[in-house]
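Reviewing the structure listed below.
One-based numbering, in listed order, for ligands and for the atoms of each.
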Amino acid sequence: MKPIAIACDHAALDLKEEIKKHFDETGVEYVDYGTYENKSCNYPDYAEKLCTAIYEKKHELGILVCGTGIGMSMAANKCRGIRAACCSDTFSARFTRLHNDANVLCMGARVIGAGLACDIADIFINTAFEGGRHQTRVDMITALEEKLSK
Ligand code: RB5
């Protein structure tokens, strides 16, 4: 598997560092697309950096964290080929990989703690898409990108 892409805004810098530390301890490779400091910034900039890298096929999966996870997921879902899921529980993380082939996980640093966030991240990166009938539905999502982007 290609390295995981990870990025955050200022609100989730500490959570991103906790996730990176967990990945270092468990041998998961990643590339950090920023932000690298506590200074206030705009989350769409970091969603764009990470989603561009996925669009360019440098990564298969990415993790975006902000205060709620919601702004990042909204921004990421505007990007071609991105299926971002904002998750605060492990069940959703598992099923968004199994059924939606989500390629970006978003989480909120003001919503969940680091322990849960690391569990969610592990499940997300270690669960494969089921395909089959779910592929048809994912293809329908992709078709919407064309249909409603004019
Ligand atoms: C930043 O204050 C906050 O708005 C951002 O991190 C995020 O929660 C947006 O959805």
Problem - Test: K49 cationic atom under 6.0 Å from Y46 six-membered ring centre, within 45° of axis - result: yes
Do any side-chain atoms of residues 135-142 form donor-acceptor pairs under 3.5 angstrom with protein atoms, and if so which ones, sequence neighbours left out?
from, atom 1, to, atom 2, distance (Å)
Q135, NE2, D139, OD1, 2.8
T142, OG1, V138, O, 3.1

Practice task
Determine yes or no for a side-chain-to-main-chain donor-acceptor pair under 3.5 angstrom, with N42 supplying the side chain and D45 the backbone.
Solution key: no
Practice task
Check for a donor-acceptor pair, side chain of D119 on one end and backbone N or O of T90 on the other, with a separation under 3.5 Å.
Solution key: no
Practice task
Using the test ring pair (Phe, Tyr, Trp, His ring centres under 6.0 Å), find all partners of F95 that sit at least two apart in sequence or belong to another chain.
Solution key: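 Partners of F95 by the ring pair (Phe, Tyr, Trp, His ring centres under 6.0 Å) criterion, ordered by chain and then number, come out as F91, H99.
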Show me the donor-acceptor pairs, under 3.5 Å and distance only, between side chains in residues 8-15 and residues at least two apart or in other chains.
from, atom 1, to, atom 2, distance (Å)
D9, OD1, A11, N, 3.0
D9, OD1, A12, N, 3.4
H10, ND1, C41, N, 3.1

Completion exercise
Contacts for ligand 1, heavy atom under 4.0 Å, by chain and number, are D9, H10, A11, Y43, C66, G67, T68, G71, R110
